Trainee: 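After the structure tokens below, expect a handful of questions from me.
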Protein chains: 2
Amino acid sequence: MKYSSSKENYLKAIFHLQEEDGVVTTNALANELQTRPASVTDMLKKLKTQKLLLYEKYQGFKLSNEGKKVALQIVRKHRLWEFFLVEKLHFGWEEVHDMAEELEHISSKKLIDRLDEFLGFPKNDPHGDPIPDSSGKLAMKQHISLLDIPLNTLAEVSNISDQSIEMLELLKHKSIAIGTKLEVKRKFAFDNSLELKIKNQSAITISESVAKNVFVII
Amino acid sequence: MKYSSSKENYLKAIFHLQEEDGVVTTNALANELQTRPASVTDMLKKLKTQKLLLYEKYQGFKLSNEGKKVALQIVRKHRLWEFFLVEKLHFGWEEVHDMAEELEHISSKKLIDRLDEFLGFPKNDPHGDPIPDSSGKLAMKQHISLLDIPLNTLAEVSNISDQSIEMLELLKHKSIAIGTKLEVKRKFAFDNSLELKIKNQSAITISESVAKNVFVII
DNA sequence: ATATTTTTTTAGATTTGTCTAAATTTATTT
DNA sequence: AAATAAATTTAGACAAATCTAAAAAAATAT
């Protein structure tokens, strides 16, 4: 079955919001997709007709199994293309998102499976997010917030949950990226700010609000 | 400026028909795009409004300079993606067309220039068609002797330099004519004879003295 | 528990690209 | 040169995805 780019975008957005907040609302979805609530309602009805969504008006909605399957294939495509753009075409991981938004709608499954093979079956995309396998299975791995790791323990940045331009700009300035190895040296109780040490660099400080969006594996 | 996939398809189709036949007709274009003449007329008006096409009703049409420029960028994208699919993802050159039809509408110019670089600035796509450079310049097809083309590369017979009755009789027997598409499968060092494969036919052998008079474009 | 606010949905319009059927223009025949 | 045929265009309709404005339902506050 093939779906329009627009439908695919809805499915992906619902999938992400569902993961994050458990429940998805019409307004939240409209906000995520930069559109109007009325447009969302229109599309929800279409997705229901195609059995991609379980939806009763005013009663909320969530993806059907089929809808989840389609969403995972799009997530897979998005993340593999991002990996390709960074690893092979040498883009920075902060500039690939928009290109991947387009590439994720290329339909051929054979193409994406070949791309996966060409890239060496990567487990995570350049932002640290896991890449679903060919059958759509998503490996869960535990990302821990910087706030929750013990002092003086080497940790590797695996994921940035807030990927706003502003956040990325700040992290770039502090030399923090996916894969950066660091240790938390001090925690200040007053404002929950952290002092970090990155190998071969001088100590830096980040606020609680930044730290809670930086996830690591230890 | 960004154009819809549909507009891009029209521009590309007009470009190709223009190359081939000099003049393009509404019917020919409808046939090429598998659509109806009425739909073509509708689109021609839109393309004119956007100054991509010079068009006066009932008087025929052709691409403006701007339209040609856009068409060449799409051709560039199509051929680079085909090259990528064959060289990097190991698809056969006969199975990549539909995928490239989708990929050619990915908008980022930076992406396609990086891809070009990644691929080593190839001059021709897997079908032998020339790839426009970053500025949209299209290298003129050169006529090369069959003796000088690489193995397993699709070539189209463009010229026969010796047009004696004897030569033409021989070529007729071998089913070789202007426009015939073939590949050189083997070169025998002993007598420089060649083994050729024409689509849908069994392999044939020709001598060096015949081959040097058959020119092709790749 | 009623009033108010917020969220969601409906009704009707708009844009893009397509279609069919009919009209018009151009080309071809006799 | 008039008649016929072919090519092209117009008129009016439709589907997909979106929008605005208004109505309906649910949530919240007094």
Side-chain angles (χ1 to χ4, degrees), chain A residues 1-15 17-18 20-63 67 70-71 74 101-102 104-105 107, chain B residues 1-15 17-18 20-63 67 70-71 74 101-102 104-105 107:
Chain A
M1 212 65 56
K2 232 201 122 189
Y3 304 103
S4 69
S5 289
S6 187
K7 286 209 176 94
E8 291 190 349
N9 286 335
Y10 272 87
L11 293 173
K12 193 181 63 152
I14 297 169
F15 179 83
L17 291 174
Q18 214 168 256
E20 227 168 88
D21 308 335
V23 193
V24 192
T25 65
T26 303
N27 272 346
L29 190 47
N31 181 61
E32 176 80 11
L33 292 167
Q34 296 288 36
T35 184
R36 299 287 166 181
S39 310
V40 170
T41 302
D42 288 343
M43 185 59 92
L44 296 180
K45 286 191 274 189
K46 290 174 197 163
L47 293 174
K48 183 190 176 174
T49 307
Q50 276 170 108
K51 296 194 195 304
L52 297 166
L53 194 72
L54 306 171
Y55 166 63
E56 294 304 326
K57 61 177 171 177
Y58 295 112
Q59 305 307 131
F61 53 90
K62 63 176 188 176
L63 293 176
V70 175
I74 301 158
E101 286 290 299
E102 286 188 65
E104 73 190 6
H105 301 296
S107 60
Chain B
M1 211 65 56
K2 232 203 122 188
Y3 304 103
S4 69
S5 289
S6 187
K7 286 208 175 93
E8 291 190 348
N9 286 335
Y10 272 88
L11 293 173
K12 193 181 63 153
I14 298 169
F15 179 82
L17 291 174
Q18 214 168 254
E20 228 168 87
D21 308 334
V23 192
V24 193
T25 66
T26 303
N27 272 346
L29 189 48
N31 181 60
E32 174 81 10
L33 292 167
Q34 295 289 29
T35 185
R36 299 288 166 180
S39 309
V40 170
T41 302
D42 288 343
M43 186 59 92
L44 295 180
K45 286 192 274 189
K46 290 173 195 163
L47 293 174
K48 184 191 176 174
T49 307
Q50 275 170 109
K51 297 195 195 305
L52 297 166
L53 193 71
L54 306 172
Y55 165 63
E56 294 304 328
K57 61 178 173 177
Y58 295 111
Q59 305 306 131
F61 52 90
K62 62 176 187 175
L63 293 176
V70 175
I74 302 158
E101 286 290 299
E102 286 188 64
E104 73 190 4
H105 302 296
S107 60

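Quantities reported herein were computed from a predicted structural model and do not represent experimental measurements. In what follows, chains are A, B, ... by sequence order, proteins preceding strands, each numbered from 1.
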Trainee: With sequence neighbours excluded, what pairs up with A:Asn27 under the side chain to side chain contact (heavy atoms under 4.5 Å, CB included) test?
Mentor: A:Thr25, A:Pro37
Trainee: Tell me, please, the opening and closing nucleotides of DNA chain C, 5' to 3', among those with an atom under 4.0 angstrom from a non-hydrogen atom of chain A.
Mentor: C:dT7 to C:dT10
Trainee: Looking only at heavy atoms, what is the nearest atom pair of B:Leu11 and B:Ala71, with distance?
Mentor: O-CB, 3.8 Å
Trainee: Looking at CZ of A:Phe61 and CG of A:Leu44, how far apart are the two atoms once the value is rounded to the nearest 0.5 Å?
Mentor: 5.0 Å
Trainee: In chain order, what residues pass the side-chain hydrogen bond (donor to acceptor under 3.5 Å, both in side chains) check against A:Glu102, with sequence neighbours excluded?
Mentor: B:Ser107
Trainee: Would you list the protein and nucleotides 3-6 of chain D atom pairs, both N or O, that sit under 3.5 Å from each other?
Mentor:
none

Trainee: To the nearest 0.5 Å, how far apart are CG in B:Leu53 and OH in B:Tyr10?
Mentor: 11.5 Å
Trainee: My understanding is that only residues two or more places apart in sequence, or in another chain, count here; which of them pass side-chain hydrogen bond (donor to acceptor under 3.5 Å, both in side chains) with B:Glu104?
Mentor: B:Lys12, B:His78
Trainee: Can you sort out the partners of A:Ala38 under side chain to side chain contact (heavy atoms under 4.5 Å, CB included), two or more places apart, ordered by chain and number?
Mentor: none
Trainee: Apply side chain to side chain contact (heavy atoms under 4.5 Å, CB included) to A:Gln18 and list each qualifying residue two or more places apart in sequence or on a separate chain.
Mentor: A:Ile14, A:Val24, A:Lys62, A:Leu63, A:Lys68
Trainee: Tell me, please, which residues at least two apart from A:Glu8 pass side-chain hydrogen bond (donor to acceptor under 3.5 Å, both in side chains).
Mentor: A:His105
Trainee: Going 5' to 3' through nucleotides 9-20 of chain D, assign each nucleotide B (protein heavy atom under 4.0 Å from a base atom), S (under 4.0 Å only from sugar-phosphate atoms) or - (no protein heavy atom that close).
Mentor: BB------BBBB
Trainee: Which pairs with one or both residues in residues 34-60 of chain B pass salt bridge (Lys or Arg N to Asp or Glu O under 4.0 Å), sequence neighbours excluded?
Mentor: B:Lys48-B:Glu56
